[in-house]
Colleague: 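I'd like to ask some things about the structure below.
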Amino acid sequence: RKMTKTNQLIGFKEIVHVTTEYGKTCTHCNEQFDIGEFASFVNHYIQEHNFSLIHVGTETLENTEKGNVHNTVAVLGK
């Protein structure tokens with residue numbers, strides 16, 4: 001059975017978005033992750049806060065100074 005975008009997220013009460021575009025702070029424990037720590041940040045949510053990896057992919061952002069910028073993103077939920 002093919003999943004639609006709607007029912008892929010059923011059952012998750014919380015969703016987080018991690019990107020290589022910028023560093024970020026964990027919403028659960030305030031641990032800081034720098035821009036180059038994408039994998040560590042994703043693993044942190046999985047190992048420390050029991051999130052599940054829902055999706056890994058890319059996003060393209062328009063940037064007038066640099067042209068298009070491509071980032072890796074991860075979506076996690078629990």
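Everything numeric in this text was worked out from a predicted model, so none of it was measured. Along the sequence shown, residues are numbered consecutively beginning with 1.
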Colleague: Side-chain heavy atoms under 4.5 angstrom apart, residues restricted to Ile, Leu, Val, Met, Phe, Trp, Tyr: same cluster for I54 and V18?
Modeller: no
Colleague: Out of curiosity, does F41 fall in the hydrophobic cluster containing V56 (side-chain heavy atoms, cut-off under 4.5 Å, transitive links)?
Modeller: yes
Colleague: Give the intermediate values and the outcome of side chain to side chain contact (heavy atoms under 4.5 Å, CB included) for residues E59 and E21.
Modeller: CA-CA 10 Å; E59 67 181 355; E21 181 183 12; 4.2 Å; yes
Colleague: The test is side chain to side chain contact (heavy atoms under 4.5 Å, CB included); show your working for E37 and Q32 and say whether it passes.
Modeller: CA-CA 10 Å; E37 297 180 299; Q32 183 71 37; over 6 Å; no
Colleague: Could you walk me through whether Y45 and S52 pass the side chain to side chain donor-acceptor pair (under 3.5 Å) test, one step at a time?
Modeller: CA-CA 8 Å; Y45 270 109; S52 296; over 6 Å; no
Colleague: Are the aromatic rings of H28 and F51 close, with centres under 6.0 Å apart?
Modeller: yes
Colleague: Atom OG1 of T27 and atom NZ of K24: how far apart are they, to the nearest 0.5 Å?
Modeller: 7.5 Å
Colleague: Does a side-chain heavy-atom distance below 4.5 Å link C26 with E48?
Modeller: no
Colleague: In residues 68-78, what donor-acceptor pairs under 3.5 Å come from side-chain atoms, sequence neighbours left out?
Modeller:
from	atom 1	to	atom 2	distance (Å)
H70	ND1	T60	OG1	3.0
K78	NZ	H49	O	3.2

Colleague: Which other residues end up in the same hydrophobic cluster as Y22, if Ile, Leu, Val, Met, Phe, Trp and Tyr are linked when side-chain heavy atoms come under 4.5 Å apart?
Modeller: none
Colleague: According to a hydrophobic-cluster definition based on side-chain heavy atoms being under 4.5 Å apart (Ile, Leu, Val, Met, Phe, Trp, Tyr only), do I35 and V16 belong together?
Modeller: no
Colleague: F38: which residues meet the ring-ring contact (aromatic ring centres under 6.0 Å, His included) condition with it, sequence neighbours left out?
Modeller: none
